[in-house]
Amino acid sequence: MSVHVLLIRLAAPLQSWGTVSRFSRRDTHNRPTKSGVIGLCAAALGYDRTDKLDELTAIRYGVRADHPGTPVRDYHVVGAGQYPVRPRDIITDHRRATALSASMANTKGTAFGHHELADWYGAPKYIVTEPDSGALVSKQLSRAGLVTERWYLADAAFVAALQHPDRSLLERIAASLESPKRLLWLGRKSCPPSGTLTGPLSSGTIEDAFQSTALLPSQSVGARPSPRPWAWIEATPGVPAAAPVQDQPLTFDADRRAHTTRWETRTRITIAENATEWDIIP
């Protein structure tokens, strides 16, 4: 059975492909995950989060690290400290109004913007519906500062490969990536892709496409790409040197998001001397 491969250019000033992210620490893998790239394609095609992914998850996946990029950390402090209370702060939680009522009752002139309430500034946590009013309130009125760190890959450029016997499916994905029905990002909403995404669509395997396609131009001035970049290519379980990765998406439903295991091999790619150059907008 003949197969076809669509190459996708994944390049941007920042990208982030989390694997075990939690709120306080958002990691990034050293390469785009299958879950992240399938999600990118699903968004371009206009999928809802609850739609079945069978058609997309059946695709064989690979990624070539033309320019691995540099890991960078973004350090966040959210909340803490004291700030003047604004009208909306009282409207959104009547308990603050009660706490401030005595102080504000004795104030002449403009009351707002001159009163502080200790330990209230920060992101609300444990949101619940209050039985009496039906309003959404935080179970924890006092709010301490939250410290988080988020990791990104700076100036990275990858080539993702999608292999499937149905050429028409790959053609639909290719067209959608250039005219997406939803917003696209490289792993995280703060990481929009730069330039052209859709690359060549050819007959053959992922290995063939990686070897016959030139390296992407560098995102950094003076950067020198490896002449033999690393690639991670999906493999059948049991193939020698194949390793498990937990990034095969089952559903993107926010209430029951789930992934399972797939297998991949890591290999060096030797680019052919007559490799096809990229016809892209960087």
Task: L197 side chain near L184 side chain, heavy-atom distance below 4.5 Å - done: yes
TODO: Could you grab the distance from atom CD of Q248 to atom OG of S35, nearest 0.5 Å is fine?
DONE: 9.0 Å
TODO: Kindly write out the residues that satisfy salt bridge (charged side-chain N to carboxylate O under 4.0 Å, His left out) with E171, not counting sequence neighbours, or none if the list is empty.
DONE: R167
TODO: Report the C-alpha distance between E207 and R64 in whole Å, list the side-chain angles of each, state the deciding distance to 0.1 Å, and finish with yes or no for salt bridge (charged side-chain N to carboxylate O under 4.0 Å, His left out).
DONE: CA-CA 10 Å; E207 291 84 350; R64 192 181 75 185; over 6 Å; no
Task: Distance, nearest 0.5 Å, that separates CG of D247 from OG1 of T33 - done: 5.0 Å
- [ ] Go through the steps for L177 and I8 under the test side-chain contact (heavy atoms from CB on, under 4.5 Å), then give the verdict.
- [x] CA-CA 9 Å; L177 287 172; I8 302 173; 3.7 Å; yes
- [ ] Return the minimal non-hydrogen interatomic distance between T251 and R256, and the atom names on each side.
- [x] CG2-O, 3.1 Å
Open item on the list: Determine whether a donor-acceptor pair (N or O, by modelled atom type, separation under 3.5 Å) exists between the side chain of R150 and the backbone of R26.
Closed with: no
Task: Sequence-distant partners of T265, side chain to side chain contact (heavy atoms under 4.5 Å, CB included), two or more places apart - done: I233, A235, V239, A242
Task: Side chains of D74 and H76, donor plus acceptor under 3.5 Å - done: yes
Open item on the list: Could you list the cluster mates of W185? Members are the ILVMFWY residues connected by side-chain heavy atoms closer than 4.5 Å, either directly or through other members.
Closed with: L183
Enumerate donor-acceptor pairs with a distance under 3.5 Å from any side-chain N or O in residues 39-50 to protein atoms, sequence neighbours excluded.
residue, atom, partner, partner atom, Å
Y47, OH, E55, OE1, 3.3
D48, OD1, R182, NH2, 2.5
R49, NH1, F252, O, 3.1

Open item on the list: Applying a strict under-4.5 Å side-chain criterion to I, L, V, M, F, W and Y, I'd like to know whether V63 and L201 cluster together.
Closed with: yes
- [ ] Kindly indicate whether the side chain of W263, heavy atoms from C-beta on, has any atom under 4.5 Å from the side chain of E234.
- [x] no
- [ ] Look up atom CD in Q15 and atom OG in S194, then write down how far apart they are to the nearest 0.5 Å.
- [x] 8.5 Å
Open item on the list: With a 4.5 Å cut-off on side-chain heavy atoms, are S16 and W151 touching?
Closed with: no
Open item on the list: A174: which residues meet the side chain to side chain contact (heavy atoms under 4.5 Å, CB included) condition with it, sequence neighbours left out?
Closed with: L6, T198
- [ ] Determine the minimum heavy-atom distance between Q246 and T261, stating which atoms define it.
- [x] OE1-OG1, 2.5 Å
Open item on the list: Would you say L186 ends up clustered with L216 if hydrophobic residues are merged whenever their side chains have heavy atoms under 4.5 Å apart, either directly or through other cluster members?
Closed with: no
Open item on the list: Using the rule given for side-chain contact (heavy atoms from CB on, under 4.5 Å), can you reason through Y75 versus T148, listing the C-alpha separation, both sets of side-chain angles and the distance that settles it, and then say yes or no?
Closed with: CA-CA 6 Å; Y75 180 82; T148 70; over 6 Å; no
- [ ] Please tell me if the side chains of I173 and I59 come closer than 4.5 Å, counting only heavy atoms from C-beta onward.
- [x] yes
Open item on the list: The criterion is side chain to side chain contact (heavy atoms under 4.5 Å, CB included); which residues satisfy it with S2, sequence neighbours excluded?
Closed with: H4
Open item on the list: So if I apply the side chain to side chain contact (heavy atoms under 4.5 Å, CB included) rule between V245 and each of R262, K34, H259, which one comes out positive?
Closed with: R262
Task: Members sharing L14's hydrophobic cluster (side chains within less than 4.5 Å) - done: V72, Y152
Tabulate below the donor-acceptor pairs under 3.5 Å that side-chain atoms of residues 156-163 make, not counting sequence neighbours, or state none.
residue, atom, partner, partner atom, Å
Q163, OE1, R60, NH1, 2.9
Q163, OE1, I206, N, 3.0

Open item on the list: With heavy-atom distances below 4.5 Å as the criterion, would you say the side chains of L170 and R172 are in contact?
Closed with: no
Task: Non-hydrogen atoms of Y61 and P32 that approach each other most closely - done: OH-O, 2.9 Å
Task: Exercise: identify the closest heavy-atom pair between A12 and P192 - done: CB-O, 3.4 Å
Open item on the list: If you compare all heavy atoms of A209 against all heavy atoms of V5, which two are closest, and at what distance to 0.1 Å?
Closed with: CB-CG1, 3.8 Å
- [ ] Work out which heavy atom in W278 is nearest to a heavy atom in G199; give both atom names and the distance.
- [x] CZ3-CA, 3.7 Å
Task: Check: P249 and T57 side chains under 4.5 Å, non-hydrogen atoms - done: yes
Open item on the list: If you define the side chain from C-beta out and look only at heavy atoms, does anything of H164 sit under 4.5 Å from V3?
Closed with: no
Show which side-chain atoms of residues 268-276 pair as donor or acceptor with protein atoms under 3.5 Å away, not counting sequence neighbours.
residue, atom, partner, partner atom, Å
R268, NH1, R228, O, 2.7
T270, OG1, R228, NE, 3.1

Task: Joint cluster assignment, W17 & L250, ILVMFWY side-chain distance < 4.5 Å - done: no
Open item on the list: Applying side-chain hydrogen bond (donor to acceptor under 3.5 Å, both in side chains), can you list everything that pairs with D51, at least two apart in sequence or on another chain?
Closed with: none
- [ ] Name all residues meeting the side chain to side chain contact (heavy atoms under 4.5 Å, CB included) criterion together with T70; count only those two or more places apart in sequence or in a different chain, and write none if there are none.
- [x] none
Task: Any donor-acceptor N/O pair, D27 side chain to T19 backbone, under 3.5 Å - done: yes
Open item on the list: I'd like to check the side-chain hydrogen bond (donor to acceptor under 3.5 Å, both in side chains) partners of N30; sequence neighbours left out, ordered by chain and number.
Closed with: none
